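Structure first, commentary second.
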Amino acid sequence: MARSAVRWSTVLREQVNLQISRGTSAQAIHAAVAQKSRFIRDTAIQQGRASPVYVTKVDGRRDAAEEMAHLSGGTITYVFSQLAQAANWALDECRKRSPVRSGAFRKSWAVLVDGKLWDAAPATIPMGTEVWIVNTMPYARKIEVGGQKIKVDPQIVEAVRQIVPRRFNGIKAQRAFKPLAGGRDARGGPVPYILKGAGVASGLSWNRKNGWTRKHTPYVSNRGDRQAGEQVLYPTLILTERIT
């Protein structure tokens with residue numbers, strides 16, 4: 001998580017000294033410096049340099065008021081969430097990497113927070129939650145594993161998963177294939193999608209070096225999770241953040 005620490009001995013020293021020189025009371029000094037701290041915080045958020053989701057630590061105490069900081073050597077620290085920023089970036093990146101033949105796949109990326117659809121802006125996702133970024137189209141799994149030939153690189157979730165920890169220190173990113181319950185994809189189809197017949201193993205394979213190759217001819221799969229009546233599993237990017 002990004003941190004912004006306001007130390008009285010540096011950033012606010014001049015203001016404290018000015019208030020003392022004027023004979024201002026300790027209570028008024030606390031109030032003035034707390035106000036200045038919040039101004040610095042809010043300016044960083046408004047300028048896009050920090051997330052609007054954060055926790056406050058005053059002299060190491062979480063959620064204490066800024067006015068409670070010690071006058072000598074006190075520290076006010078704002079711990080800005082990287083989870084919201086990471087989710088916002090990852091969602092946008094998944095969309096950018098999506099095939100755009102009809103646009104349905106690109107439109108079918110969804111965000112779930114603690115298992116529930118998140119309709120608000122990704123930038124407002126609360127700290128300490130588990131975020132899923134998932135594509136709800138029935139063929140999303142085929143695209144993710146390289147079982148369906150497309151004009152862009154497959155394995156979209158995996159590619160984004162590898163980048164997230166390098167861009168956002170403290171964010172853990174995992175890829176999984178998850179069941180979903182309820183909803184509609186961008187074409188109006190039901191989520192989850194229930195297989196009407198046994199799945200077909202395409203035999204296609206893809207890697208960045210060689211592109212598309214075929215390992216074997218297509219055949220009807222005998223896997224238990226690929227049979228008629230089974231619901232498809234959806235490729236999911238799972239993001240979590242450690243709060244210290």
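Just so it is clear, the model here is predicted, and its values are computed rather than measured. Keep in mind that the numbers below use all heavy atoms, side chains included, and drop hydrogens, waters and symmetry copies.
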Pairs of donor and acceptor atoms involving the side chains of residues 117-127, under 3.5 Å and at least two apart or interchain, shall be tabulated with distances.
residue, atom, partner, partner atom, Å
W118, NE1, A120, O, 3.2
W118, NE1, A121, O, 3.1
T124, OG1, A121, O, 2.7

[X] side, atom [atom1]; [Y] side, atom [atom2] - distance, nearest 0.5 Å:
X    : Y    : atom1 : atom2 : answer
R161 : E93  : CZ    : CD    : 14.5 Å
R106 : R97  : CZ    : CZ    : 12.0 Å
R226 : L233 : CZ    : CG    : 9.5 Å
Q162 : R175 : CD    : CZ    : 9.0 Å
F168 : L83  : CZ    : CG    : 10.0 Å
E67  : Q35  : CD    : CD    : 9.5 Å

Do [X] and [Y] come close enough that some side-chain heavy atom pair is under 4.5 Å?
X    : Y    : value
D185 : Y193 : no
V232 : P192 : no
E241 : S81  : yes
W206 : V145 : no
T56  : S37  : no
P99  : K151 : no
I133 : T236 : no

Audit row: L112, V131, side chain to side chain contact (heavy atoms under 4.5 Å, CB included) steps and yes/no: CA-CA 6 Å; L112 283 73; V131 178; over 6 Å; no
Donor-acceptor check, side chain of [X] to backbone of [Y], threshold 3.5 angstrom: yes or no?
X    : Y    : value
Q227 : S221 : yes
S202 : L204 : yes
Q82  : I171 : no
N135 : F105 : yes
D59  : T75  : yes
T136 : V134 : no
E144 : E158 : yes

If you group Ile, Leu, Val, Met, Phe, Trp and Tyr by side-chain heavy-atom gaps below 4.5 Å, do [X] and [Y] land in one group?
X    : Y    : value
I143 : V152 : yes
Y139 : V157 : yes
I163 : L237 : yes

W109 and S98: side chain donor to acceptor below 3.5 Å: yes
Identified salt bridge (Lys or Arg N to Asp or Glu O under 4.0 Å) counterpart of E66 within the set R61, K57, R41, K36: R41
Nearest non-hydrogen partners of C94 and V160, listed with the distance: SG-CG2, 3.9 Å
Heavy-atom closest pair, residues V200 and P218: CG1-CB, 4.0 Å
Residue pair W132, V113: steps toward the side chain to side chain contact (heavy atoms under 4.5 Å, CB included) verdict: CA-CA 6 Å; W132 290 12; V113 176; over 6 Å; no
Derivation of the side chain to side chain contact (heavy atoms under 4.5 Å, CB included) call for V55 and F80: CA-CA 7 Å; V55 296; F80 295 101; over 6 Å; no
Partner set under side chain to side chain contact (heavy atoms under 4.5 Å, CB included) for A104, not counting sequence neighbours: S102, M137, A186, R187
E130 and I238: CA distance, side-chain angles, deciding distance, side chain to side chain contact (heavy atoms under 4.5 Å, CB included) verdict: CA-CA 7 Å; E130 181 175 271; I238 304 173; 3.8 Å; yes
Aromatic F177 / basic R141 pairing, under 6.0 angstrom, 45° off normal: yes
Aromatic plane relationship, Y54 with Y78 - under 30° parallel, 30 to 60° tilted, over 60° perpendicular: perpendicular
Q47, CD atom: more than 12 neighbouring heavy atoms under 6.0 Å: yes
Note: R38-D42 ion pair, threshold 4.0 Å (strictly below): no
